[in-house]
Amino acid sequence: MKLKVVILSTASIAVLAAAFTFVPVTLALPPAQVGSLPPATPPAGMSIYALPTGEYEARASLAFRGGPWSEVRRFASTAVLITHPKGNVLIDAGFGRRVDEHMRLIPALQRSPHKALVAVADQLRAASIPINKIAAIIPTHVHWDHISGIDDLPDVPVLVTAAGKRSIDLGVVGTEVIKSFRNIKYQLYAFEDGEYLGFPSSHDVWGDGSIVIVPAPGHTSDSVVVFVALPSGVRYALIGDLVWQSEGFNLPAEKPWMLRRLIGENDQAVHMDIARLRAAVQKYPQIKVIPAHDMSATSSLPGLLNTLQ
Ligand SMILES: [Zn+2]
């Protein structure tokens, strides 16, 4: 009898877990105030480019709650290059030349079928941009699919916060691949600048408002959002893995429960940051939100190789 109770409760838990994971529910968000549009004086000639380095597949049902089981999504793994007279900056580094080796370092459950394209280091060379003309790499967070390409760029400083560096040193879950790189030149930064579109603090990379990093510790504790303001007036919010596909932002919808727990996401922080960004976009439609893995969003940026060749 006792055994039956245990079996029933295990089954109930499984049903509940599946329900929380796959049943579509519109995400209720907290209220958010974003204030005025932060000033920016981006220099003429500043540009943004997408460097697609590969893709992998995941069912839409695993990308956002309510996504159809039958649909397989292509997840982009794309680095973004921002050219700037004070120094060119890469946001994320995508799949590197040795991505297959890197993938073997992560738990088997997290590996998925993937296709590697041209690594960032090779795209830069093809575009005649010397590696020493890249001032810094800013990872949106240090999961393998965002930093594998750093392995091919050993002399480029990687910007992390002191807390992010500590996580890597401690080898917390998700830092396996970056921790395996022996030649990284880390450069620490802090969020010493003020409030930015509702985010409590920020780091203005070149002091002109053109590239501004804000903390977004929801997907992982080291996650950030990078805002880019171009001379044209267009602004981008590179939101990393705050959501995996645009539906997560537009509906809005959470990631499936099981995956959030596996990653160790902070749900409240994710909800707050989605709320801030949705309020920002509603008030300032010149801001385009780019989730790192949404193929249609990343493809909307000019491609480095097809633009410069
Ligand atoms: Zn990712």
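Since we're looking at a predicted model, the values are computed, not measured. Start at 1 and go down the list; that is how both ligands and their atoms are numbered. Numbers here simply count residues along the sequence, with the first being 1.
Under the 3.5 Å distance criterion, with hydrogens and angles disregarded, a donor-acceptor pair is assigned to the side chains of S223 and T220.
Following chains of ILVMFWY side-chain contacts shorter than 4.5 Å, one can reach V234 starting from I290, so the two form part of one hydrophobic cluster.
The Zn ion (ligand 1) lies closest to atom OD2 when only the N/O/S atoms of D145 are considered. As for D241, its N/O/S atom nearest the Zn ion (ligand 1) is the one called OD2.
Note: angle at the Zn ion (ligand 1), from NE2 of H146 to NE2 of H293, is 100° (rounded to 10 degrees).
Looking only at distances, a side-chain donor or acceptor of Q123 sits under 3.5 Å from a matching main-chain atom of V118. In this structure, H102 contributes its side chain and V177 its backbone to no donor-acceptor pair below 3.5 Å.
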